[in-house]
*Asks:* 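Below is a structure I'd like to ask you about.
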Amino acid sequence: MPVTLTLSHFDPEQITQSGQCFRMVGVDGSTHELIAFGRCLRVTTLGGGRYRFTCTPAEMAALWRAYFDLDTDYAALLAAAPPDDAFLQQAIRRGHGLRILRQEPWETLCGFILSQRKNLKAIRLSMETLAAAYGAPIPGSARNAFPAPARLAACTEAELRALGLGYRAPYILDAARRVASGALDLAAIAALPDEALLAALMQVNGVGMKVADCVMLFAYARYRRAPVDVWIRRVIDQVYGGASPFAGYGAYAGIYQQYLFVRMRDGDVSV
DNA sequence: AACCAGGGGTACC
DNA sequence: GGTACCCATGGT
């Protein structure tokens, strides 16, 4: 029983390529598939702003509406961007349809631990390899769910290194042990203010400011957090003369950051 | 504070 | 088919 919705500021391809999620893929010209919540969802772009989701209305209401953050008004928050910031305005025009997802904290934490010194394709490969090895099967899909913390906590470092995780293997193991033991409660810390949430995430070995900021932005909807990776470092240095613009961006700095990230990574194509 | 980590992606030859 | 450099970094 699929669901069809009319949406604005929603482009599955933009979201897939944006580098915030690693298990969403294009399966043909109009359909994207993602694994989350132990399920497989397909989204088909029908045209005219209409999209078909392969889920029930109840699942849309309980899971996917929040996941895609469909109740946040992008027209309004993008209109609030500084009008005299030419590069940001251009990035927003080019990134039309890009949204910040509200992903599951555990998978997001692992994804950005793995992202260290990897490009998007390599991160995707690591996530799929991890899921194939230790994730639970999903009925009707060839892809597995992302592995539960307890399952990874039961692995040895050597087993994780054998999947190609490299020096990140002990970081994943530390995160899995903390979460599986309850020492780090990813649901409970959602109630913390930004600084305390940041500190809680950075207790994990292998999680620095940048990875913690990504988890806060892409899983906990902390829109003020603006992660600074190599691309955003280039934006700050080459476009803004070394002075970070994010302090002046207000409550949606992290969302603007995402448009700048995609704009910089995709290069200097005109307008 | 410079230096290192594992390995796939990519451009260029 | 080589190979040199890059990649949503963090620890030491």
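Throughout, protein chains are lettered first and strands after them, A, B, ... in sequence-line order, and every chain is numbered starting at 1.
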*Asks:* When we call it a touch if two heavy atoms are under 4.0 Å apart, what does A:R234 touch: a base, just sugar-phosphate, or nothing?
*Replies:* sugar-phosphate
*Asks:* For A:T6, check side chain to side chain donor-acceptor pair (under 3.5 Å) against everything at least two apart and list the hits.
*Replies:* A:R50
*Asks:* Say you pick atom C1' in C:dC7 and the same atom in B:dA5; how far apart are they, in whole Å?
*Replies:* 13 Å
*Asks:* Go through residues 210-232 of chain A and report each residue with a non-hydrogen atom lying under 4.0 Å from DNA chain C, sorted by number.
*Replies:* A:K210, A:V211, A:F218, A:D229, A:V230, A:W231
*Asks:* With 3.5 Å as the limit, what N/O pairs link the protein to nucleotides 8-11 of chain B?
*Replies:*
from   : atom 1 : to     : atom 2 : distance (Å)
B:dG8  : N2     : A:N119 : ND2    : 3.3
B:dG9  : O4'    : A:N119 : ND2    : 2.9
B:dT10 : OP1    : A:K121 : NZ     : 3.3
B:dT10 : OP2    : A:K121 : NZ     : 3.4

*Asks:* For A:Y171, report the nucleic acid contact type (base, sugar-phosphate, nothing); a contact means any heavy atom under 4.0 Å.
*Replies:* sugar-phosphate
*Asks:* What residue pairs, at least two apart or across chains, pass side-chain hydrogen bond (donor to acceptor under 3.5 Å, both in side chains) with a residue in residues 161-172 of chain A?
*Replies:* A:E157-A:R161
*Asks:* Strictly distance-based, threshold 3.5 Å: is any side-chain N or O of A:Q89 a donor or acceptor partner for the main-chain N or O of A:P82?
*Replies:* yes
*Asks:* Under the side-chain contact (heavy atoms from CB on, under 4.5 Å) test, which residues partner A:R233, sequence neighbours left out?
*Replies:* A:V228, A:I236, A:D237
*Asks:* Does anything in residues 3-16 of chain A form a salt bridge (Lys or Arg N to Asp or Glu O under 4.0 Å)? List the pairs, not counting sequence neighbours.
*Replies:* none
*Asks:* Please report the distance separating the C1' of C:dG11 from the corresponding atom of B:dG8, rounded so that it comes out in whole Å.
*Replies:* 23 Å
*Asks:* If you only use heavy atoms from C-beta on, which nucleotide in C:dA8, C:dC6, C:dG10 is closest to the side chain of A:Q116?
*Replies:* C:dG10
*Asks:* Give the residues of residues 158-168 of chain A touching DNA chain B, defined as any heavy atom closer than 4.0 Å, sorted by residue number.
*Replies:* A:R161, A:G166, A:Y167, A:R168
*Asks:* Give a yes/no answer on whether the side chain of A:N205 brings an N or O atom under 4.0 Å of OP1 or OP2 in C:dG10.
*Replies:* no
*Asks:* Can you tell me, in whole Å, how much space there is between the P of B:dA2 and that of C:dA8?
*Replies:* 24 Å
*Asks:* Given that A:F261 and A:G206 both sit by DNA chain C, which one's nearest nucleotide is further toward the 5' end?
*Replies:* A:F261
*Asks:* Quick one: list whatever passes ring pair (Phe, Tyr, Trp, His ring centres under 6.0 Å) with A:Y259, sequence neighbours left out.
*Replies:* none
*Asks:* Do A:D85 and A:Y249 get their side chains close enough for a donor-acceptor pair, meaning under 3.5 Å?
*Replies:* yes
*Asks:* What does the list of N/O pairs under 3.5 Å between the protein and nucleotides 1-4 of chain B look like, with a distance for each?
*Replies:*
none

*Asks:* Under 3.5 Å, which donor-acceptor pairs do the side chains of residues 189-215 of chain A form with other protein atoms, sequence neighbours left out?
*Replies:*
from   : atom 1 : to     : atom 2 : distance (Å)
A:D194 : OD1    : A:R222 : NH1    : 2.7
A:D213 : OD1    : A:R225 : NE     : 2.8
A:D213 : OD1    : A:R225 : NH2    : 2.9

*Asks:* Checking side chain to side chain contact (heavy atoms under 4.5 Å, CB included) against A:L163, which of A:I172, A:T129, A:L125 comes through?
*Replies:* A:T129
*Asks:* Which residue pairs pass the salt bridge (Lys or Arg N to Asp or Glu O under 4.0 Å) test when at least one of the two sits in residues 128-139 of chain A, sequence neighbours left out?
*Replies:* A:R23-A:E128, A:E128-A:R143
*Asks:* Take atom P in B:dT10 and the same atom in C:dT9, then report the distance between them in whole Å.
*Replies:* 16 Å
*Asks:* What pairs with A:P12 under side-chain contact (heavy atoms from CB on, under 4.5 Å), at least two apart in sequence or on another chain?
*Replies:* A:F10, A:M24, A:H32, A:V43, A:T45, A:Y51
